[in-house]
Amino acid sequence: QVQLVESGGGLVQAGGSLRLSCVVSGGTFSSYAMGWFRQAPGKDREFVAAITWSGDGKYYATAVKGRFTISRDDDKKTVSLQMNVLKPEDTAVYLCAADDWGLGSRVGDEYDYWGQGTQVTVSS
């Protein structure tokens, strides 16, 4: 059974930084593409960032490009999201997801496994 557990969320002032982590247990982490999505109250889930199984491909939503960085550590079975210059509109529950195909899709429905999410709140 594949399980994903996110951590690192919290309350931060605008302009601040947070680092989210997602630890994966079960399955074959090194073969998964990993993605981060977010969902704000009353809004649809949206793509944030993804990384291919090899780590060579990294993809970002326009809204976060240049501010967020996704990375992976296969030894620790962990994917991280470094978030800098946070804005109030970044406030959301951030969810980690794993994709068996390994290609790093922007489409949430293509992911096979999901974590429960971690809350990020950015105050103005």
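No experiment lies behind these values; they were computed from the predicted model shown.
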### Query
Under a single-linkage definition using a 4.5 Å side-chain heavy-atom cutoff for Ile, Leu, Val, Met, Phe, Trp and Tyr, are I70 and V64 assigned to the same hydrophobic cluster?
yes
### Query
Any side-chain heavy atom of D112 within less than 4.5 Å of one from Y32?
no
### Query
Hey, does L81 have a side-chain heavy atom less than 4.5 Å from the side chain of V48?
yes
### Message
Rounded at 0.5 Å granularity, tell me how far CZ in R72 sits from NZ in K58.
### Response
10.5 Å
### Query
If you group Ile, Leu, Val, Met, Phe, Trp and Tyr by side-chain heavy-atom gaps below 4.5 Å, do L20 and Y111 land in one group?
no
#### Entry: Nearest-0.5 Å distance, CG of residue L103 to CH2 of residue W53
10.5 Å
#### Entry: T52 side, atom OG1; W101 side, atom CH2 - distance, nearest 0.5 Å
15.5 Å
### Task
Enter the distance from S17:OG to F68:CZ here, rounded to the nearest 0.5 Å.
9.5 Å
### Message
Whether R38 and D44 form a salt bridge (side-chain N of Lys/Arg under 4.0 Å from carboxylate O of Asp/Glu) is what I want to check.
### Response
no
### Query
How about F37 and W114: are their ring centres within less than 6.0 Å of each other?
yes
### Message
Test your reading of the model: is there a side-chain donor-acceptor pair from S105 to the backbone of V107, 3.5 Å cut-off?
### Response
yes
### Query
From S25 OG over to L4 CG, what is the distance, rounded to the nearest 0.5 angstrom?
7.5 Å
### Task
Report, as yes or no, whether the 6.0 Å neighbourhood of atom CD on Q116 holds more than 12 heavy atoms from other residues, nucleotides or ligands.
no
### Task
Using modelled atom types only, decide if a donor and an acceptor are shared between the side chain of Y113 and the backbone of C96 within a distance under 3.5 Å.
no
### CD on E46 to CH2 on W36, rounded to 0.5 Å
14.5 Å
### Message
Quick one: does any side-chain atom of R19 pair with a main-chain N or O of G9 as donor and acceptor, under 3.5 Å?
### Response
no
#### Entry: Donor-acceptor under 3.5 Å (T91 side chain, V122 main chain)
yes
